[in-house]
Amino acid sequence: MSNAARAARGAVPRGLIAGTLVALAITWALFLLAPGGGPTLPIVQTAVYLTLFVITVCSRRAKILLARTFQRWLLSPAVRTLLAVGLNPLGLALLETTGRTSGRPRRVPVGNGRTGDDFWIIAEHGLRAGYVRNIRADPRVRVRVRIGFRYRWLTGVATVLPDDDPLARQRRIIRGHPLRAFNAMNVRVLGADLVTVRIRLTDRNEQLQVALQQGEVAGRQPV
């Protein structure tokens, strides 16, 4: 084991403590507001959060494997199904990359970090995330986001920014957006090595035309 690996083991990733504390606070606040069901559920949730914390500190690789399995077989299929029928209770977006080995489209739910012509993602598994590795092989991507009252696919070019501060970036993304803040908490709890991804949306004319049709932009014409 290298010195870097030894240093990583036993170290607490930045943001993990804050994310875990917020998750626990929300869990028990909801129980106190509606205690009729008994404390079983919040106790189980607390055990899950604390277990994830311990696993992260002991072995980030094991944490990533566990979280990736949960997301791949349970969370992602459920979210993709909801988005496919136009339901998005968590304010997420759908990212489509090209598989670095298969060459086939790969879709994964991500937090909606759209800001103007940029779309920001905080990848919870860092450079080991499958879609991050796909982006490094082929940066051309699509994201499915809501524009007005409709969901549309937007094309873009993604760049992985390992030198960017993902926590500072995350704070800017979620400012004024409660659903984004909730997703940010989950990213910190489930993540181990956060990294920033920036997508530069390229089809600006289409975005502006749709916004004009929805009455979101006045007095501007497509360029």
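Numbering starts at 1 and runs along the sequence shown.
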Check your understanding: If Ile, Leu, Val, Met, Phe, Trp and Tyr residues are connected whenever their side-chain heavy atoms lie under 4.5 Å apart, and connections chain through other members, are V160 and V157 in the same group?
Key -> no
Exercise for review: Verify, without hydrogens or angle tests, whether R80 (side chain) and R107 (backbone) share a donor-acceptor contact under 3.5 angstrom.
Suggested key: yes
Exercise for review: Would you indicate whether the side-chain heavy atoms of F53 and I17 approach each other to under 4.5 Å?
Suggested key: yes
Review point. Any side-chain heavy atom of V143 within less than 4.5 Å of one from W153?
Key: no
Review point. Minimum heavy-atom separation for N183 to G111, with atom names?
Key: ND2-CA, 3.3 Å
Review point. Are L41 and L30 joined in one hydrophobic group, where the rule is that I, L, V, M, F, W and Y side chains link up if heavy atoms are under 4.5 Å apart?
Key: no
Point to revise | ILVMFWY cluster, L74 and L90 together (side-chain gap under 4.5 Å) | key: yes
Practice item. Applying side chain to side chain contact (heavy atoms under 4.5 Å, CB included), run through V141 and Y131 and close with a yes or a no. Key: CA-CA 10 Å; V141 301; Y131 67 84; over 6 Å; no
Check your understanding: Going from CG on L194 to CZ on R169, what distance comes out if it is rounded to the nearest 0.5 angstrom?
Key -> 13.5 Å
Study note, to complete from the structure: Rounded to the nearest 0.5 angstrom, the CG-CD distance for L66 and Q71 is 9.5 Å
Check your understanding: Of the options I121, T196, I122, which is the one that meets I173 in a side-chain contact (heavy atoms from CB on, under 4.5 Å)?
Key -> I122
Exercise for review: Could you tell me whether the side chains of Q170 and R188 share a donor-acceptor contact shorter than 3.5 Å?
Suggested key: yes
Check your understanding: For the atom pair CG (L154) and CD1 (I199), what is the distance rounded to the nearest 0.5 Å?
Key -> 10.0 Å
Review point. Roughly how far apart are R200 CZ and T159 OG1, rounded to 0.5 Å?
Key: 10.5 Å
Review point. Is any side-chain heavy atom of T155 less than 4.5 Å from a side-chain heavy atom of L201?
Key: no
Review point. Measuring from T20:OG1 to L50:CG, what's the distance to the nearest 0.5 Å?
Key: 7.5 Å
Check your understanding: Are any of the side-chain heavy atoms of V132 and T97 separated by less than 4.5 Å?
Key -> no
**Study point:** Distance, nearest 0.5 Å, that separates CD1 of I174 from CZ of F182
**Key:** 12.5 Å
Practice item. Can you spot which of H125, R60, K63 makes a side-chain contact (heavy atoms from CB on, under 4.5 Å) with D193? Key: R60
Exercise for review: Please report the closest heavy-atom contact between P35 and L33, naming both atoms and the distance.
Suggested key: CD-C, 3.7 Å
Review point. Would a 4.5 Å heavy-atom cut-off, applied to side chains only, mark F31 and I26 as touching?
Key: no
Check your understanding: Looking only at heavy atoms, what is the nearest atom pair of L83 and L92, with distance?
Key -> CD2-O, 4.4 Å
Study note, to complete from the structure: Taking every heavy atom of A192 against every heavy atom of I64, the minimum-distance pair comes out as CB-CG1, 4.1 Å
Check your understanding: Hey, which of R142, R106, R144 is the one that makes side chain to side chain donor-acceptor pair (under 3.5 Å) with E96?
Key -> R142
Point to revise | Distance-minimising heavy-atom pair for P13 and A11 | key: CD-O, 3.5 Å
Exercise for review: Side-chain contact test, heavy atoms from C-beta onward, threshold under 4.5 Å: evaluate it for V110 versus V108 and give yes or no.
Suggested key: yes
Check your understanding: Would you call D138-R100 a salt bridge at under 4.0 Å N-O?
Key -> no
Review point. Between T69 and L65, is there a donor-acceptor pair closer than 3.5 Å when you use the side chain of the first and the backbone of the second?
Key: yes
Exercise for review: In sequence, state the C-alpha distance, the side-chain angles, and the governing distance for D165 and R14, and then conclude on salt bridge (charged side-chain N to carboxylate O under 4.0 Å, His left out).
Suggested key: CA-CA 10 Å; D165 186 337; R14 293 178 58 224; 3.3 Å; yes
Point to revise | Minimum heavy-atom distance D164-P166, with the two atoms named | key: O-CD, 3.0 Å
Check your understanding: Side-chain contact, heavy-atom cut-off 4.5 Å: Y151 with V145?
Key -> no
Exercise for review: Ignoring hydrogens and angles, tell me if any N or O in the side chain of T115 forms a donor-acceptor pair with the backbone of D118 under 3.5 Å.
Suggested key: no
Practice item. Give a yes or no on whether the backbone of R114 and the side-chain of N112 come within a donor-acceptor separation of less than 3.5 Å. Key: yes
Check your understanding: Same cluster for V189 and L167 if Ile/Leu/Val/Met/Phe/Trp/Tyr side chains link at under 4.5 Å?
Key -> no
Review point. Do I43 and W28 have side chains that get closer than 4.5 Å, going by heavy atoms?
Key: yes
